[in-house]
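Working notes, structure below.
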Amino acid sequence: MINFDFNTQERANIHQAVFQSMETFIENTGDLEVASKLNISEIREYAEQFDFNQAADPMTIISTVINGLKKYAVHTPHPKYFGLFNPRANFLSTVADYITATFNPQLAAWSHAPYAAEIEQFLIKEFGQKFGYQSTVIDGTFCTGGAEANLTAMLCALNHHFNDFSTKGVLGMPKRPIIYCSSESHHSITKAAKTTGLGTASVVTIPVGMDLRMDTNLLIEQIESDKKAGYEPMMVVGTAGTTGAGAIDNLSVIAEIAKAHQLWFHVDAAYGGAVAISPELSTWIKGVEQSDSITLDIHKWFSVPMGTSIFLTSNKKILHQTFGVSTKYMPKDGDPEKITDPYIHSIQWSRRFNGLKLYLPLAVFGWEGYEKIIRHQIGLGNALRTGLIEKGWIIENDSKLPIVCFTHPTLKGNEAAIVQITESIVNSGKAWLSVYPVREQSTFRACITNFSSSLEDVQELIDLLDFYRTKFLNS
Ligand SMILES: *Cc1c(COP(=O)(O)O)cnc(C)c1O
């Protein structure tokens with residue numbers, strides 16, 4: 001018989017070795033190259049080196065895996081990763097993940113993991129209030145990411161709009177439902193339309209103005225012309241912090257339009273929604289309190305490991321209406337009036353206790369601690385803007401969030417140059433940033449996604465940009 005648990009001494013050895021490696025990574029993340037050069041065949045060979053026909057020594061296997069993760073990855077926890085909202089996971093959230101994995105609570109039925117389920121419901125209520133929902137109407141569920149939360153929103157909208165959607169599905173629809181979002185919104189909306197069976201023809205993107213926010217006059221016109229054409233406007237998605245340039249749609253105006261046309265109003269606040277925890281910064285997303293639902297990624301600005309997002313709704317009944325089923329085999333020993341069984345309340349069935357990754361750091365540092373982290377990153381975003389302007393760069397987006405899209409008079413409109421300079425910086429291993437088109441012209445995009453990034457890191461990015469720009473112009 002093999003011992004899948006190992007014995008006490010072996011476990012101690014593995015724990016210690018892993019602990020030491022993690023400690024080295026946490027202490028010295030900044031010394032690693034942010035990104036390594038990709039050689040597909042080398043990486044594939046490394047991944048395929050183990051022979052499953054043979055047992056092996058766990059320490060060798062673990063250290064091979066850790067080395068691979070060190071060598072072949074973009075290190076999103078690196079302080080000079082100025083990337084795509086991927087955070088450095090805060091320490092307590094990683095501890096939470098380990099505790100979760102070991103206890104492995106099953107959050108399908110409330111009665112199997114009542115404490116874990118209540119922790120998640122508590123977080124849902126707290127966050128609902130931060131967004132300005134009345135405490136009596138708040139409902140929600142943890143999701144694996146913004147994509148799942150946006151899909152949940154679309155399914156809720158469908159069930160709200162079409163009473164018999166649960167039974168008849170898309171075949172029961174008299175007219176094609178239409179979902180509106182801005183041309184800068186996240187493509188998980190389009191993907192949700194594919195998944196729900198509506199198809200991408202049901203998603204209409206509304207152009208943005210010079211400020212990269214949805215043009216709400218065009219939204220009204222589009223709704224009216226779609227109605228005349230025999231379509232069924234059903235849902236509008238406002239984005240609070242677009243993925244590309246950090247634009248925040250005018251949520252109050254969209255809320256009014258949604259009300260006038262009886263559309264489900266969803267706010268995709270995957271990234272920018274974090275400002276809701278600050279009474280002062282939450283004014284940036286005013287109007288969100290009038291929404292029917294909200295997506296908030298926890299694995300972005302709340303700095304926890306991947307797989308954690310929150311879907312919130314101000315419609316108490318809709319999740320059950322959308323996901324309810326009855327089974328003979330699931331335990332039913334909670335009072336359904338008082339408790340919520342997650343499996344009839346969300347897309348997933350067996351569910352990981354993802355809420356602990358948020359609960360632990362929030363309980364230790366409080367809202368105040370999290371607000372400081374958020375303000376620190378906003379401050380660095382402002383410092384990056386100021387520093388770039390001082391060196392003659394031009395900022396192309398006007399977001400208050402720490403996402404900066406910029407170019408230089410000597411490079412404006414020169415897409416090849418911008419791509420090449422970005423690649424040179426990424427290939428140097430010293431920093432990571434990306435290219436994003438603003439008003440159809442390529443810009444450099446740098447986002448502060450890491451609580452451990454400092455002013456020096458920002459200054460180094462500016463120096464790298466100057467260095468490689470000069471080098472490019474002289475080449
Ligand atoms: C990241 C993002 C998403 C997708 O979220 P995942 O967690 O990656 O699934 C959706 N909307 C916006 C605005 C985002 O920034």
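Read the numbers this way: they start at 1 and go in the same order the structure lists the ligands and their atoms.
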Open item on the list: Any salt bridge linking R176 with D226? Criterion: basic side-chain nitrogen under 4.0 Å from a carboxylate oxygen.
Closed with: no

- [ ] Inspect the contact between K125 and E120 and indicate whether a charged nitrogen and a carboxylate oxygen are less than 4.0 angstrom apart.
- [x] no

Task: Check: D297 N/O within less than 3.5 Å of ligand 1 N/O - done: yes

Task: Where ligand 1 meets T243 - atom numbers and elements under 4.0 angstrom, heavy-atom basis - done: 12 (C), 13 (C), 14 (C), 15 (O)

Task: For atom 6 (P) of ligand 1, closest protein heavy-atom neighbour - done: G146 N, 3.2 Å

TODO: Take every heavy atom of E148, measure it against each atom of ligand 1, and state whether any distance is under 4.0 Å.
DONE: no

Open item on the list: Once you restrict to heavy atoms under 4.0 Å, what part of A147 touches ligand 1? Side chain, backbone, both or neither.
Closed with: both

- [ ] Provide the number and element of each atom of ligand 1 under 4.0 Å from a heavy atom of F85.
- [x] 15 (O)

TODO: Measure T295 to ligand 1 on non-hydrogen atoms and call it side chain, backbone, both or neither using the 4.0 Å cut-off.
DONE: neither

Task: Note: R375-E280 ion pair, threshold 4.0 Å (strictly below) - done: yes

TODO: Describe, in one word, how the ring planes of W349 and Y343 are oriented to each other, choosing from parallel (under 30°), tilted (30 to 60°) and perpendicular (over 60°).
DONE: tilted

- [ ] Tell me which protein heavy atom sits closest to atom 4 (C) of ligand 1, plus the residue, atom name and distance to 0.1 Å.
- [x] H186 CE1, 3.5 Å

Task: Closest approach of any protein heavy atom to atom 11 (N) of ligand 1, naming residue and atom - done: D268 OD2, 2.6 Å

- [ ] Report yes or no: is the cationic atom of K130 (NZ for Lys, CZ for Arg) closer than 6.0 Å to the six-membered ring centre of W367, at no more than 45° off its axis?
- [x] yes

TODO: For the residue pair F85 and Y271, categorise the inter-ring angle as parallel (less than 30°), tilted (30 to 60°) or perpendicular (more than 60°).
DONE: parallel

- [ ] For G145, take its heavy atoms, then give the atoms of ligand 1 lying under 4.0 Å from any of them.
- [x] 7 (O), 9 (O)

Open item on the list: If the threshold is 4.0 Å, N to carboxylate O, is there a salt bridge linking K316 and D139?
Closed with: no

- [ ] Measure the distances from the heavy atoms of M306 to every atom of ligand 1 and state whether one is below 4.0 angstrom.
- [x] no

- [ ] Could you tell me if the ring centre of Y98 sits under 6.0 Å from that of F103?
- [x] no

TODO: Using a strict 4.0 Å cut-off to heavy atoms of K300, name the atoms of ligand 1 that fall inside it.
DONE: 1 (C), 2 (C), 3 (C), 4 (C), 5 (O), 14 (C), 15 (O)

Task: Sub-4.0 Å heavy-atom approach of S188 to ligand 1 - done: yes

Open item on the list: Can you tell me how the ring of F122 sits relative to the ring of Y359, calling it parallel under 30°, perpendicular over 60° and tilted otherwise?
Closed with: perpendicular

